[in-house]
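As the structure lists them, so they are numbered: ligands from 1, and atoms in each ligand from 1. Since we're looking at a predicted model, the values are computed, not measured.
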Amino acid sequence: MRRKSAEDIMSQKGKTPIVCLTAYTAPIARAIDQQVDLMLVGDSLGMVLYDYENTLQVTLEQMIGHAKSVVGASNKSCVIVDMPFGTYEESVDKAFMNAARVMKETNCNGIKLEGGQKIANTIKYLTESSIPIMGHVGLQPQSVLVDGGYIVRGKSKSEWQRYIDDAIAVQEAGAFSVVLEGMTEPLAAEITSILNIPTIGIGASPKCDGQILVTEDMLGLTNVAPKFVKQYLDLDKAIKDAVNKYSREVKNRAFPSNDHIYFMKPHIVNTNGKN
Ligand code: KIV
């Protein structure tokens with residue numbers, strides 16, 4: 001089976017909605033690979049797996065380690081890896097060195113960068129250097145300390161132009177798709193209709209060309225569930241119930257039972273009746 005490429009994702013625009021989820025580990029990648037078009041090794045792993053307050057502490061080494069697991073445990077979906085804060089803003093050369101390192105060490109299909117017009121030159125340089133790039137505009141978690149925090153974008157029409165210009169800049173720089181995060185439906189619809197590349201929404205309405213969620217959010221494994229998250233499973237409860245049962249069975253010695261213990265070879269008795 002051939003793994004989906006960034007070009008395959010791009011060609012889905014206007015045809016079939018693009019199904020995306022985050023994956024940070026091999027077990028999750030194995031479980032979702034066959035059912036999604038794209039898996040994002042997002043820097044949200046800092047908050048979800050490491051309990052950081054935001055994504056700013058995430059390192060390139062963490063991203064590479066998790067991306068290797070995800071690529072290794074999958075064979076169908078396109079795998080895109082987030083460049084963490086501080087690894088691409090300083091110069092295009094530094095961005096290229098770090099992005100090339102991620103591509104070489106993980107064998108992923110492409111890279112995601114946060115930002116619009118401000119980092120268009122970097123996106124252009126990377127795409128011209130043969131690295132497929134996914135953009136990310138609207139609410140940018142790496143800028144929450146300076147850009148209004150986790151607030152929905154585009155509530156007033158006077159704000160729209162900035163986000164439209166960001167999305168166009170990302171497209172013109174050569175990105176194969178762009179994440180639209182935390183914005184009103186009319187703004188997401190407007191950007192989606194203007195762009196030739198697919199838009200992938202998170203908290204940005206069904207008007208986008210595809211959707212992405214943090215897998216742990218939709219499985220019910222995280223405490224904070226923003227309005228845009230639909231919880232498809234209560235895995236936290238399922239885990240608690242299972243561990244509760246295990247604990248009771250260990251305490252009353254019902255586990256391990258005969259099904260889960262090793263026996264010696266069957267006892268062989270000689271015909272003369274002696275062992
Ligand atoms: O880091 C991440 O998981 C993301 C998605 C939420 C789009 O950027």
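- The closest protein non-hydrogen atom to atom 2 (C) of ligand 1 is Ser44 OG, 3.2 Å.
- Residue-ligand proximity, Asp82 to ligand 1, at heavy-atom distances under 4.0 Å covers atoms 1 (O), 2 (C), 8 (O).
- Of the N or O atoms in Asp43, one or more lie within a sub-3.5 Å distance of an N or O in ligand 1.
- Ring planes of Tyr125 and Phe96: perpendicular class, angle over 60° (limits at 30 and 60°).
- Counting atoms of ligand 1 from 1 in the listed order, those under 4.0 Å from a heavy atom of His136 are 8 (O).
- Using a cut-off of 4.0 Å between Lys/Arg side-chain N and Asp/Glu carboxylate O, Asp147 and Arg162 are scored as salt-bridged.
- Under 4.0 Å is where a charged nitrogen must lie from a carboxylate oxygen, and between Glu159 and Lys155 no such pair does.
- The residues Lys240 and Asp236 are annotated as salt-bridged, a charged nitrogen and a carboxylate oxygen being separated by less than 4.0 angstrom.
- Close contacts of ligand 1 with Leu40, meaning ligand atoms under 4.0 Å from a residue heavy atom, involve 2 (C), 3 (O), 4 (C), 5 (C), 7 (C), 8 (O).
- Each of the following atoms of ligand 1 lies closer than 4.0 Å to a heavy atom of Thr22: 3 (O).
- With a heavy-atom cut-off of 4.0 Å, Glu114 does not touch ligand 1 at all.
- Applying side chain to side chain donor-acceptor pair (under 3.5 Å) to Asp43 and the options Lys112, Gln57, Gln142 leaves one that passes, Gln142.
- Within the 4.0 Å heavy-atom criterion, neither part of Thr55 lies near ligand 1.
- Within a 6.0 Å radius of NZ in Lys124, no more than 12 heavy atoms belonging to other residues, nucleotides or ligands are found.
- Considering only non-hydrogen protein atoms, atom 6 (C) of ligand 1 sits nearest to Ile202 CD1, 3.4 Å.
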### Message
Checking Gln35 against Val19 for the side chain to side chain contact (heavy atoms under 4.5 Å, CB included) test, could you report, in this order, the C-alpha distance in whole Å, the side-chain angles of both residues, the deciding distance, and whether it holds?
### Response
CA-CA 8 Å; Gln35 296 170 79; Val19 182; over 6 Å; no
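- An N or O contact shorter than 3.5 Å links Lys112 to ligand 1 by distance.
- Ligand 1 has no nitrogen or oxygen under 3.5 angstrom from a nitrogen or oxygen of Glu181.
- A heavy-atom distance below 4.5 Å is found between the side chains of Pro141 and His136.
- Close contacts of ligand 1 with Gly42, meaning ligand atoms under 4.0 Å from a residue heavy atom, involve 1 (O), 2 (C), 3 (O).
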